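A short write-up of the structure that comes next.
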Amino acid sequence: MSSINYAEKIPNNVNLVNDRTLQRALEHWQPHFLDWWKNLGPSDFQAADVYLRTAVSVDAQGWAQYGAVKMPDYRWGIFLADAVPGRTIGFGDQMGQPVWQQVPGEYRSTLRRLIVTQGDTEPASVEQQRLLGHTCPSLYDLRNLFQVNVEEGRHLWAMVYLLHAYFGRDGREEAEELLARHSGDADKPRILTTFNEPISDWLSFFCFTYFTDRDGKYQLKSLAESAFDPLSRTCRFMLTEEAHHMFVGETGLSRVVKRALEVVKELGSEEPQKVRAAGAIDLPTVQKYLNFWCSSSLDLFGSEISSNSAQNFAHGLKGRPDESQYEDHVLREKTMTLVVPEGEQQVPMLNALNEVMRESYLKDCEIGLKRWNRQIERAGLSFRLTLPSSRFRRTIGPWAGQPVTPQGKLISREEYEKRLPEWIPSEADRAFVHSLMRKVVEPGKMAAWIAPPERGINNLPVEYEYVKLH
Ligand SMILES: [Fe+2]
Ligand SMILES: [Fe+2]
């Protein structure tokens, strides 16, 4: 069951060959996807040989195979985690009943919306990152960028498969729309704001893979709990791929911090201007980028109080990440205390699930910060990186538009406007970071603003030629 059929036009482990109509529909969509990839995927590197991993099975162990691939030849396909025999609904009002193999009519439009929203983020991030290759700090990093990109392309396939297989004509139309909206497009933007922010430098890319891909992880974890079994199985396999994206973010930021610390040591000074003059990114600037991308990603969880998320949970469509770790899976009796600008408020737990998710997400975000702060501490500096308060710079929920400091303190609007450039990258900060972005493509060489990684990919040395440019 878990082996993947690569003999077909569309690699899959869903027995596509036995469903001619679906196979034809997806084979019709495939060239549209490839056109999109060529036009809006990574700019200029389509002829390069990239050392990429490709899924060969859906087992957690040994699922991937590595080799040189030209990106347009990457075998995008449909891979679902194996079905769990006798799986039952794990939460909500229908808890304990068998999971669904088809979409119940009453939840059809809600499920479609959830799948489209998730699906929209996948190609969006590829579009946001399409120019980054031109300023890669090393071949190792260039390869990682492309690995993330092709896998986000595959995640789009995952969602398009569900739309085609379970949502009939509406689903097919939505699949076309997923290629018609574009990140940052004035007329047809991507659905969520964060996915319309350009990612034009590598510090932003590392923050994006650290914070925004981690939001992706939490969304996928909660959809993996879904009573709609094909969605659950699709998301479970996507999570296997997603882990690498966050690795890219965490190690990328860790290497930026490491390089800053080396320069501080060489200079005998922490002064940002001196660190910058020596070609590294000073830690206060790293903090501003963390503030920007963390706050932007926090909005992706939606409003603190949400009747949609209550319904999605009660109906069994979307659970909490790692649902089984909780005791109560119905939540009809529980409440939660939320702090809003007017004071404390008691809310039914079902309506506060976005906040529950946001809190567990923030805990996960802390892991990298602890690691970076240990590096900084070992270097003998008192500076510490922190996550901004979940009230800072929000555009959704009760804290939307409130003048709040990164520490979560409500201040006057005037002071907020004045101090904002201290907290998120100013024009000058962005210009400085951009000035460092120059392409380094000699095998093993790194740009001056980033330390080399501790090891290469798949046990290869760091000096390996991960992308052959010809
Ligand atoms: Fe993804
Ligand atoms: Fe991702």
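When a ligand or atom number is given, it counts from 1 through the structure's own listing order. These numbers come from a predicted model, not from an experiment. Basis for what follows: all heavy atoms, side chains included, without hydrogens, waters or symmetry-related copies.
Annotation: the span from F195 atom CZ to S183 atom OG amounts to 9.0 Å, rounded to 0.5 Å.
For E323 and R320, the salt-bridge test passes: some basic side-chain N is under 4.0 Å from an acidic carboxylate O.
Residues Y218 and M357 approach most closely at O-CE, 3.6 Å, considering heavy atoms.
Between W372 and Y210, the angle of the ring planes lies from 30° to 60°, which puts this pair in the tilted group.
Sorted by first then second residue, the side chain to side chain donor-acceptor pair (under 3.5 Å) pairs that include residues 447-468, not counting sequence neighbours, are Y51-N458.
For the residue pair E151 and H244, no side-chain donor N or O sits within less than 3.5 Å of a side-chain acceptor on the partner.
Protein nitrogen, oxygen and sulfur atoms, that is N, O or S, within less than 2.8 Å of the Fe ion (ligand 2) amount to 4.
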